[in-house]
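Chain identifiers are assigned alphabetically (A, B, ...) following the order of the sequence lines, protein sequences preceding nucleic acid strands; residue numbering begins at 1 within each chain.
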Number of protein chains: 2
Amino acid sequence: MNVNEQLAEALRLAVDPPGGVSVEALQDLVLDDRSRQWDIATAAQHVGVSPHTLRYYERAGLVTVSRNPAGHRVYDAPAIRRLVFLTRMRTSGMPISDLRQYIDLVDRGDATIPDRLDLLVEHRDTLRAQLAQIQLALAATEYKIATYGGSTQP
Amino acid sequence: MNVNEQLAEALRLAVDPPGGVSVEALQDLVLDDRSRQWDIATAAQHVGVSPHTLRYYERAGLVTVSRNPAGHRVYDAPAIRRLVFLTRMRTSGMPISDLRQYIDLVDRGDATIPDRLDLLVEHRDTLRAQLAQIQLALAATEYKIATYGGSTQP
DNA sequence: GCTTGTGTTGGAGCGCGCTCGAAGCTCTAC
DNA sequence: GTAGAGCTTCGAGCGCGCTCCAACACAAGC
């Protein structure tokens with residue numbers, strides 16, 4: 001599986017969850033059409049957040065978005081990809097301050113890759129711990145359901 | 001596996017995660033020693049939250065705690081068990097309002113068991129969705145780590 | 001008896017992540 | 001040309017879940 005296939009797979013995975021990314025947006029992203037651009041409403045739809053939130057993320061320094069002559073925001077494929085990543089991390093509970101830190105490293109170039117790796121590994125561990133927590137809560141919930149005589153299936 | 005064994009197993013599972021419940025507290029709970037009582041500081045330690053939070057939970061109507069002659073809160077085994085359950089649900093993202101609703105049903109007696117089941121099943125579905133989200137974020141993170149050349153193991 | 005620690009209450013404050021409002025500019029449709 | 005939708009900015013507001021403060025009450029140890 002090469003990198004593009006991995007990316008496509010990761011993006012395909014992103015279709016499923018509610019509040020996720022729309023299919024056609026992902027197709028655009030996989031195609032990486034450099035001429036394709038989106039206004040804030042469309043971008044928001046594709047990313048699965050509100051335009052308010054997109055502006056907020058820009059103010060928070062998570063993305064820099066260029067403007068058209070009218071001063072309106074213009075989102076391109078890389079921006080959307082970054083936003084998809086960011087919202088995925090947000091959904092998983094990563095605070096905006098951490099994302100900001102990571103993004104700053106990205107914007108400072110390849111020399112910061114080791115630092116980014118540190119952050120990512122740390123976050124991976126957080127996610128694994130979180131996974132365990134959720135599984136525990138799920139077990140507790142299913143236990144309660146079982147004791148109440150409810151079916152655990154499906 | 002009878003109900004007591006299931007409970008013991010569920011409680012054993014609770015030992016592992018960080019910020020979780022202490023081993024001796026669980027032993028007390030499994031023994032269900034009716035004479036054993038705890039002050040707020042000890043209870044907080046056992047449950048893994050701050051005394052502030054315990055008072056807050058009481059104000060929020062999640063637990064009712066009796067007082068000793070001095071007016072100090074006295075936590076018994078059932079109270080602690082409820083708090084362990086509540087904090088587990090909180091950790092998994094269940095809002096306090098939902099917990100309040102569930103607790104109200106519990107306090108209204110067996111007639112509300114169907115309603116409780118509804119709530120639990122709903123929460124189970126939420127947890128499953130959440131699990132998928134976390135797994136997705138984990139996959140994305142591990143993908144990034146891999147592309148940066150970091151080791152995915154362990 | 002006095003100090004120190006721990007508890008009590010009500011209410012205020014806070015950090016986070018949005019979310020919205022106001023006032024104004026721009027594009028589109030008719 | 002004009003209405004209306006949608007964009008811009010800045011700043012304020014909000015809901016949640018704590019977290020802390022002030023002022024006081026009680027308990028244990030010296």
>> Base contacts versus sugar-phosphate-only contacts with protein, heavy atoms under 4.0 Å: please encode nucleotides 22-30 of chain D as B, S and - from 5' to 3'.
In response: ----SS---

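- The outermost nucleotides of DNA chain C lying under 4.0 Å from heavy atoms of chain B, listed 5' to 3', are C:dG7 to C:dG11.
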>> Apply side chain to side chain contact (heavy atoms under 4.5 Å, CB included) to residues A:His72 and A:Asp39 and explain how you reach the verdict.
In response: CA-CA 8 Å; A:His72 291 192; A:Asp39 63 14; over 6 Å; no

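- Here the side chains of A:Thr112 and A:Val106 are not in contact, with every heavy-atom distance at 4.5 Å or above.
- Per the geometry, OH belonging to A:Tyr75 stands 10 Å off P belonging to D:dC7, to the nearest Å.
- Here the shortest heavy-atom pairing between B:Ala44 and B:Ser50 reads CB-C, 3.8 Å.
- If you check residues 90-99 of chain A against DNA chain D, you find no residue with a heavy atom closer than 4.0 Å.
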>> For a side chain to side chain contact (heavy atoms under 4.5 Å, CB included) check, start with the C-alpha distance between B:Leu62 and B:Arg82, then their side-chain angles and the critical distance, and finish with the verdict.
In response: CA-CA 9 Å; B:Leu62 297 185; B:Arg82 174 174 284 193; over 6 Å; no

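- Annotation: ring-ring contact (aromatic ring centres under 6.0 Å, His included) contacts involving residues 90-130 of chain B, sequence neighbours excluded, comprise B:Phe85-B:Tyr102.
- Taking the salt bridge (Lys or Arg N to Asp or Glu O under 4.0 Å) definition, one finds that A:Asp104 meets it with A:Arg100, sequence neighbours left out.
- From B:Ile80, atom CD1 reaches atom CH2 of B:Trp38 across 5.5 Å, with rounding to the nearest 0.5 Å.
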>> Checking A:Leu83 against A:His46 for the side chain to side chain contact (heavy atoms under 4.5 Å, CB included) test, could you report, in this order, the C-alpha distance in whole Å, the side-chain angles of both residues, the deciding distance, and whether it holds?
In response: CA-CA 10 Å; A:Leu83 284 169; A:His46 284 184; over 6 Å; no

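- We find the CD1-CD distance between B:Ile134 and A:Gln135 to be 10.5 Å, quoted to the nearest 0.5 Å.
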>> As a quick check of understanding, evaluate side chain to side chain contact (heavy atoms under 4.5 Å, CB included) for A:Ile145 and B:Leu117, giving each step before the final call.
In response: CA-CA 6 Å; A:Ile145 290 174; B:Leu117 258 173; 3.9 Å; yes

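- Residues B:Leu99 and B:Met94 come closest through the heavy atom pair CD2-SD, 3.4 Å.
- Shown for residues 52-60 of chain A: residues whose heavy atoms fall under 4.0 angstrom of DNA chain C, namely A:His52, A:Thr53, A:Tyr56, A:Tyr57, A:Arg59.
- Distance check, rounded to the nearest 0.5 Å: CG of A:Leu131 to CZ of A:Arg124 gives 13.0 Å.
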